[in-house]
Each structure stands twice: as C-alpha cells, then as structure tokens.
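Contents: one structure, followed by commentary.
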Amino acid sequence: MTIRTRFAPSPTGYLHIGGVRTALFCWLFARKNNGQFILRIDDTDQQRNIESALEPILDGLRWLGIDWDEGPGVGGTHEPYYQSQRTEKYQAAVEQLLQNGFAYRDFSKPDEIQAERDASMKSGGTFTYSRRWMAENDADVRRYEAEGRTSVVRLKMPREGKLVIDDLVRGRVEFDWATEQDHVIQRADGTFIYHLANVVDDQDFEISHVIRAEEHLSNTPRQIFMIQSLGYCLPAYAHLPFVAEPGSKTKLSKRKLDKYLKNADFKKLVDNGTKIASKLGLKNDIDTFNPVVVDFYKAVGYLPEAIVNAMAMIGWSLDDKTELFLKPDELINVFSLEKVTKGAASFDPAKLFSFQERHFQNRTAEEKRDLCKPFLEKAGIKIDDNKLLKLITFAADRIKVSGDILDFDEFFVSADKLQYDAEAVIKRITQPAEAIPLLTELAAVFEKTEPNNWQSQTLHETTQTFIDERQIKINQVIHALRVAVTGKTIGIGMFDALELLGKQESLARMARAMNGV
RNA sequence: GGCCCCGUCGUCUAGCGGUUAGGACACGGCCCUUUCAAGGCCGUUACGCGGGUUCGAGUCCCGCCGGGGUCACCA
C-alpha cells in the first residue's frame, strides 16, 4: 500500500507554527516511507478571495522545503484540491447517507435545539438530541416546510456501543457512541461542514494516514461513523500533541502575542526581530511579524532548516543524544511516528534560537555572505562581495540570523556619516584624560603604515609596540580606539575592524573622534 | 459540567521492572579575552500525590490531584 498523507490548511492568510509542525510530520512520514504528501485547501467556509489568503501559507511551506506531490500549483490526478470546488462529491455523499438512513433532515430551529442543549447541560449529562424535528419521510418534510421551517442534514449517530480507535500515537482510545451527537454535515444554505468534506476527500485522495493535531481526536468518532456508513476504507490515525505556549500547556495562539511578550525568551526573539525589521522598513503587523507565524522567521533571516529542525523536536525525538539535523534528509531517514510523544509540548523560543545559531555556525563564510546580502540590499546598503565576505569572516559567530548583518552598518558609511553612541564617547574618549592624547599619538604611528600593510595582524603588532614603548596596557587605548573608529563599544576584533575600513577611513574616523566627534 | 487526552529538571526530552534517573536549551560560576559574541571546564534543578502488584517501580494496576482538548449550521 502506498503511504499517502495530507495537510489541509484553511486559507487564513498566515502559516501558524503549529500548522508547520503538523505539516512537517505528515511530510516526513510520507517521505520516509516513499509515499506521497498531498496539500488540500479547506475552504468550505470561506469567502471568494482565497488566493491572497492562501499564498502566504504556500510560500511558507515552500520556504521550509516542505514540498507536496499533489495540490495547488502542482496539480495531480485527484484534482481539484480546493474543497470549494468539490461540492458535487459532498452532495453525493450526503445523498448516500440520507438514503441509507445514516443521516436525516432536521427541521429544528436554532433556538429549539439550543434549548435542549442547555437543558442537558444544566442537568449535568450528555446532550442527546430528541430528534423531535427529524423528518422521517416526505410527508414530514412537506409538513415542516409548510410551517416555514428550513432544514439541515444531521448524522444519525449510533446511541449504543463503543468505538475503539487504535491511534498510532495515543494507542487505544475508546468512545461511547451514546456521548456523540447528531452533528450537522450540511447547512441550511446547502454548504457542507468540514467533517463531511474531510472524510469524502480523504477517501477520494486515497489518504492512508491521517496525521493531525490532537484537538481533532474528539472529532474522530463522527468521522469514522461517516467513513463506515459510506463504505470507505478506514485510514490509520495519528494524533499529534499540539504545540503549546511557552511555559504553559495551552495551545499556542497568534492572538496572544502580548501575553507571550512577558516571557523573556519570547521577548528576546521579538526584540531582535523588531530591530532588524525597523532597519529594513518592514511593518510590525501581528499577522506576519509574530514568532507564532512563519513569515517572521523568513523576514528576519532564520534558516528554514533550523526552523524545521526545531519544529521536529517538538513532540518528537530520535534518542537521548541526537537533536541536530542539519539537513531535512537527515530527519527523513530517521523519522517515525512511534517516537512521537503524547504530552503537549511548549514552543521554546530560546531553543529555537539555539538551533538557528548552530545551523548558522555550520555554514561557510560564502554561504553566509549570500544569505546576508539580500538583507543589506533591502536596507539600501551597497557593499562589494569581497568586503562583505571579509566582514562576515571577522564577525564570525556574532551573526546569528542573516538580518544581524545590519548590526554592522557602521562599516558601510563614510566617516562623516558615522553615528556615534553618545554615552560610549563620554565614557571612552571624553572622560579619560589619557584617551585623546594617546589616540593622537597612535594615529601618528598608524599614519606611517604603508597602505598595503594595513592588515589586522600588522596593526596589532604596531599597536603592541606602541603600548610596550609607553609601558601601558592595551586596555588604556583600545577602548577609545574602538569607539573612535566604530562609534560603539561592542563589535568585531579591533584590528579586524581597522583592516576592513582601510587606512584612510580609519584615520578619518580617529580624527573625527579626537575633534569631539 | 459531559466526553476524551496528558503528567520525568524552568523548557524539549531519553527511559519501555534493577540506571549514581542520561542528553539538549536556559540558568549560575570559572577559564580564555581589546569589547561583544563564540569556545572550554564545572555546577544547581525532575519522576504530581496516595494506595497496591513485585525481592525490586519513573517504568505495571487502581484512585486522587493537576493541566489541556473538545462539546457550532468554524476548520
């Protein structure tokens, strides 16, 4: 049997991190087993303009490298892949259920059935619909319609016996049919409810394994009832633990950004992102610029492989030591549903960042350059490839996400445009009495250096000689020098910075600092 | 409230009757050091509770407690 899994997003306009995890596991399982991964669009309840709401989701999946064998953009033998275009199939299924007595037309009014629901809720029991407005024959239909009632189609669920599900993640799960309700499958306006569409499509697409988040577990009985009533094949089920909030077991939600910001790690992630975004002139939109949404990571310059790696470790692990998977293929090779954990797993921003860090460290300087370059371009900064490569080499592990390259913007401006950190200038140049005289002397020494000797190591040696002669410590001059040349107290190695800037630029900056910035 | 699921360091997890309960992230300390990162070394911290079963329980059973999901003419 061919393994076929599917991911079925609704066109909501953004790709949620929890959705990514579900899609990833579906994809990994299919790839691992030489199967197929299908993308289906659940737009049964959507307005017409789904294209713009779908594109960010497809983009996100593509960016992460989660490719689909059938679905939007690639087609396939089971077209169409949009539920809104598959209504004849749903209608046929509803007719079949109706004809075989597994569903009925219900003419109750919303407040009537709600009253029954409230009553059973009040008495503390399970709600069981009285089926009082169920049409048992054509005469009933005509009578109810004469009363001006409209109907929905409801499932005629069993009211005794048990359902046992052998879930690939959760094991044996039992439900009493009596606690299940007569769920609506077709609305009064003729449109279809997700559960019906889902069952019909999974059958039509020959889905072998339904891998989805845990919140669907309690929907499973009604779906199995439909599958059995329609004579379909039962797929295997695997209900994944959902991705929870940082430090909580509650489901992660895009709308709770304010709350998550109280988490220090989460805030750090956002702050770093916001810093980069402001330099790029991106807008701070909760729908995209939010660590719960994949676009955020793309915008800030995370590596898709790092996100995939981090997502894979939420609710899954290979063993007690392996957790770094630099390439998705490495993950595919070892993935299995048996290793999925049962408990809800919190999204840990710090851990995700750590994966990013380790993945990025693993890239060559040339790869990092190509990754960082678009960020400079977006910020309107022009720099030649060789200089950028040099900067990236000097910056080493200080760059954690591609957008961090913008932290080094002091190397992209001329001396007269350099922004000085006022506090740093006071602390390192203005205040220490020795700073400016030493800087002046050092500048005179540097002046004598041949331009083609203007290299990190040479400059280091020159400076070493300079301090040895004066019997001072390097600390006494280097802090002032750093602020003079870069405008800030932190940054890459001092002599690397000088080399990168070149003789003329370095001396111009020193001169500017000595003259009070 | 009904039904269902879950419960090992702060977090992600390993563990599938006998372990000094392991790893990672985070955190703390030390080292390195021209700043900031990175790196190296060391360290603090966990089996929710109570009963069983067993020579022996984090591992099996029961109860409790706690957390979560779901109960729509949303998906």
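Worth saying up front: this structure is predicted, and the values here are computed from it rather than measured.
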Provide, to the nearest angstrom, the distance between the NZ atom belonging to A:K488 and the C1' atom belonging to B:A37. 13 Å
Under-3.5 Å donor-acceptor pair between A:K321 side chain and B:A24 base: no
In whole Å, measure the gap between the P atoms of B:G68 and B:U19 for me. 35 Å
For nucleotides B:G18 and B:U59, find the distance between their P atoms and express it as a whole number of Å. 11 Å
Taking atom P of B:G10 as reference, at what distance in whole Å does atom CD of A:E245 sit? 19 Å
Nearest-nucleotide check on RNA chain B, A:K400 vs A:K342; residue mapping nearer the 5' end is A:K342
Once rounded to the nearest 0.5 Å, what's the spacing between atom CZ of A:R369 and atom CZ of A:R363? 14.0 Å
Does a nitrogen or oxygen in the side chain of A:S346 sit under 4.0 Å from OP1 or OP2 of B:U11? no
CG of A:L261 to NZ of A:K267, rounded to nearest 0.5 Å, is 6.5 Å
A:Y90 OH to A:I185 CD1 distance, which is reported to the nearest 0.5 Å: 13.0 Å
Mind calculating the distance between OH (A:Y260) and C1' (B:U11) to the nearest angstrom? 15 Å
With the sugar-phosphate defined as primed atoms, P, OP1 and OP2, and the base as all remaining atoms, what B/S/- string results for nucleotides 29-36 of chain B, 5' to 3', for protein heavy atoms under 4.0 Å? -----BBB
Between A:E116 and A:S130, is there a donor-acceptor pair closer than 3.5 Å when you use the side chain of the first and the backbone of the second? yes
CD1 of A:I314 versus P of B:A14: gap in Å, rounded? 14 Å
Identify all pairs in which a protein N or O lies below 3.5 Å from an N or O of nucleotides 69-73 of chain B, and state each distance.
from, atom 1, to, atom 2, distance (Å)
B:U70, OP1, A:K251, NZ, 3.4
B:U70, O4', A:S218, OG, 3.3
B:C71, O2', A:Q181, NE2, 2.6
B:A72, OP2, A:R117, NE, 3.0
B:C73, O2, A:A188, N, 3.1

Tell me which nucleotide among B:G2, B:A24, B:A26 gets nearest to the side chain of A:T126. B:G2
For nucleotides B:G39 and B:U44, find the distance between their C1' atoms and express it as a whole number of Å. 22 Å
Which residue pairs pass the ring pair (Phe, Tyr, Trp, His ring centres under 6.0 Å) test with at least one member in residues 111-131 of chain A, sequence neighbours excluded? none
Interatomic distance, A:F192 CZ vs B:C74 P [rounded to whole Å]: 13 Å
Rounded to the nearest Å, what distance is computed from the CG atom of residue A:L318 to the P atom of nucleotide B:G15? 10 Å
Short question: side chain of A:T220, backbone of A:H216 - any donor-acceptor pair under 3.5 Å? yes
When you compare B:G48 with B:U8, how far apart are their P atoms, in angstrom units rounded to a whole number? 6 Å
Donor-acceptor check, side chain of A:D265 to backbone of A:P349, threshold 3.5 angstrom: yes or no? no
Gap between atoms CG and P, on A:L15 and B:A75 respectively (whole Å): 20 Å
Using the P atom on both, measure B:G43 against B:A21 and round to a whole Å. 16 Å
Is any side-chain N or O of A:K351 closer than 4.0 Å to OP1 or OP2 of B:G23? no
Send over the distance from A:D397 CG to B:G39 P, rounded to a whole Å. 6 Å
Is it possible for you to check whether A:K254 lies under 6.0 Å from the centre of the six-membered ring of A:Y14, through NZ or CZ, and within 45° of that ring's axis? yes
On RNA chain B, does the nearest nucleotide to A:K268 precede the nearest nucleotide to A:H195 from the 5' side, or the other way round? Give the residue. A:K268
Relative to A:F107, does A:R105 satisfy both conditions: NZ or CZ under 6.0 angstrom from the six-membered ring centre, and within 45 degrees of the ring's axis? no
Within 45 degrees of the ring normal and closer than 6.0 Å to the centroid, is that where the cationic atom of A:R21 sits relative to A:F25? yes
Distance check, P atoms only: B:A72 and B:U13, in whole angstrom units. 31 Å
